[in-house]
2 protein chains.
Amino acid sequence: MLKLSKKSEYALMAAKYMAIKNHGTVITAKEIANNFNFSYELISKVLQSLSKNQIVVSYKGVKGGYILSKSPVDIFLIDLIRAVEPDYQITECLKFENRKGSCNYKDNCTIKDPLAVVQQKIDKVFYETKLSHII
Amino acid sequence: MLKLSKKSEYALMAAKYMAIKNHGTVITAKEIANNFNFSYELISKVLQSLSKNQIVVSYKGVKGGYILSKSPVDIFLIDLIRAVEPDYQITECLKFENRKGSCNYKDNCTIKDPLAVVQQKIDKVFYETKLSHII
DNA sequence: TTGATAACCGACTAATTTAGTCTTATTTCA
DNA sequence: TGAAATAAGACTAAATTAGTCGGTTATCAA
């Protein structure tokens, strides 16, 4: 139904929160969970994904937490989404790992190429939206 | 995960098939199901949705079937998608019926307005793609 | 050096959404 | 009047997403 997952929403809101609040101090998953009434476990996972994708830097231990790794002008919406939704694509057959194989319609598919064009345009939308636009 | 539903894919492929094959004769759900190995019941439902949305005209009875109601240059991707997926929106809170009420984050939502902009851009992509582009 | 705190990770369960099936009704043609 | 087609709604199954749980590792400070 072409809907963003909750993870993507969490990622966006967390990134925005960090961008606004960050004055050199780290921000914990707990703080974000409390602030937005998010499930602590879920937002933790989201932040871990952002960390793996170098969007935030993480610090373990007592005074640990997260901090944005770059300026909001350098963080693109597509990075946030891809971090938590590695294989977002409007159709199965456009997914990265798909070399032939798993198209639903095999030889009968008549829409792959046009949908690839659509996909590129959607990617472009997410590329041209930056975190700084959202603050 | 921002994926099109199978219904949307069916709608697209069926519409394309009708656009190419249609020489004044109606096309049945059965023919399309056989041609693409679609579930007959599902493609039937999809065609019924297209019919309700005036994208195809339906004829009941023995020599019945479907026929595109307009030229492929006048059929937009967004019409096909909306016909089978009435409330496609990247987030819950942008759905039509949503006047306040059901936002996941209530007063704490910080992303509704920027996402509305993104939604408009995505709509635009689907508006500017016509069935004729896909043939 | 130990206890508290926070990130990290993977397996699991629950909830929601999507896909698919079944049944029955209605229309139309020959 | 029977066969073939659309129409519609209820139901079931499968897949995806959301959320939970348990345990590990790292870091700080008392």
Side-chain angles (χ1 to χ4, degrees), chain A residues 1-11 14 18 25-34 36-53 55-67 69 81 83-92 95 102 104-105, chain B residues 1-11 14 18 25-34 36-53 55-67 69 81 83-92 95 102 104-105:
Chain A
M1 170 223 265
L2 220 48
K3 211 175 68 177
L4 287 174
S5 67
K6 210 161 233 181
K7 279 187 187 174
S8 298
E9 297 178 354
Y10 277 25
M18 294 171 98
T25 54
V26 298
I27 289 165
T28 65
K30 196 176 167 191
E31 176 178 349
I32 295 177
N34 288 341
F36 292 113
N37 248 286
F38 289 169
S39 143
Y40 168 72
E41 288 90 351
L42 251 208
I43 187 64
S44 292
K45 278 191 181 173
V46 166
L47 288 164
Q48 283 163 33
S49 299
L50 297 184
S51 171
K52 268 189 216 152
N53 286 271
I55 295 166
V56 301
V57 176
S58 72
Y59 298 95
K60 285 189 174 183
V62 172
K63 298 244 161 175
Y66 299 93
I67 197 167
S69 71
I81 292 173
V84 295
E85 215 82 69
D87 55 359
Y88 104 95
Q89 291 291 347
I90 56 173
T91 63
E92 206 57 35
K95 285 186 187 169
S102 69
N104 288 327
Y105 314 118
Chain B
M1 169 221 266
L2 221 47
K3 212 176 67 178
L4 287 174
S5 67
K6 209 161 234 181
K7 279 187 188 173
S8 298
E9 296 177 355
Y10 277 26
M18 295 170 99
T25 55
V26 299
I27 289 166
T28 65
K30 196 176 168 191
E31 176 178 349
I32 295 177
N34 288 341
F36 293 113
N37 248 287
F38 288 169
S39 143
Y40 168 74
E41 288 89 351
L42 251 207
I43 187 65
S44 293
K45 279 190 182 174
V46 165
L47 288 164
Q48 283 162 32
S49 299
L50 296 184
S51 171
K52 269 189 215 151
N53 287 269
I55 295 164
V56 301
V57 176
S58 72
Y59 298 95
K60 284 190 173 182
V62 172
K63 299 243 162 176
Y66 299 92
I67 197 168
S69 70
I81 292 174
V84 296
E85 214 84 68
D87 56 358
Y88 104 95
Q89 291 291 347
I90 56 172
T91 63
E92 206 59 34
K95 285 186 187 168
S102 69
N104 288 328
Y105 314 118

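None of these values were measured; they are calculated from a predicted model. To find a chain, count down the sequence lines: A is the first, B the second, and so on, and within it residues start at 1.
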Inset, instruction - Could you tell me whether the side chain of B:M18 reaches within less than 4.5 Å of the side chain of B:L47, counting heavy atoms only? - result: yes
Legend entry - N or O in side chain of B:S39 less than 4.0 angstrom from C:dT21 OP1/OP2: yes
Legend entry - Residue A:K3, side-chain heavy atoms: nucleotide from C:dT17, C:dG20, C:dT28 that is nearest: C:dT17
Legend entry - Among C:dC9, C:dT27, D:dT27, the nucleotide that comes nearest once only the side chain of A:Q48 is considered: C:dC9
Inset, instruction - Using only side-chain N and O atoms of B:S44, determine if any of them is under 4.0 Å from OP1 or OP2 of D:dA7. - result: no
Inset, instruction - Compare the minimum distances between each of C:dC8, D:dT17, D:dT6 and the side chain of B:Y66, then state the nucleotide with the smallest one. - result: D:dT6
Legend entry - A:G61 vs A:L4, nearer the 5' end of DNA chain D by closest nucleotide: A:L4
Pick out the pairs of N or O atoms, protein on one side and nucleotides 10-12 of chain C on the other, that lie under 3.5 Å.
| unit_1 | atom_1 | unit_2 | atom_2 | d |
| --- | --- | --- | --- | --- |
| C:dA11 | N6 | A:K45 | NZ | 2.9 |

Legend entry - B:S49 to B:A83 - nearest heavy-atom pair and separation: CB-O, 3.6 Å
Legend entry - Any B:Y40 side-chain N or O less than 4.0 Å from OP1/OP2 of D:dA4: no
Legend entry - Phosphate-side-chain proximity, B:K6 and C:dG20, N/O vs OP1/OP2 below 4.0 Å: yes
Legend entry - Contact under 4.0 Å: A:S58 side-chain N or O vs C:dC8 OP1/OP2: yes
Legend entry - Phosphate OP1/OP2 of D:dG19 contacted by A:Y10 side-chain N/O (<4.0 Å): yes
Inset, instruction - Among the candidates D:dA4, D:dT6, D:dA26, find the nucleotide nearest to the side-chain atoms of B:V62. - result: D:dA4
Inset, instruction - Please state whether the phosphate of C:dC8, meaning OP1 or OP2, lies under 4.0 angstrom from any side-chain nitrogen or oxygen of A:S51. - result: yes
Legend entry - B:I32 versus B:A14, closest heavy-atom pair with distance: CD1-CB, 4.0 Å
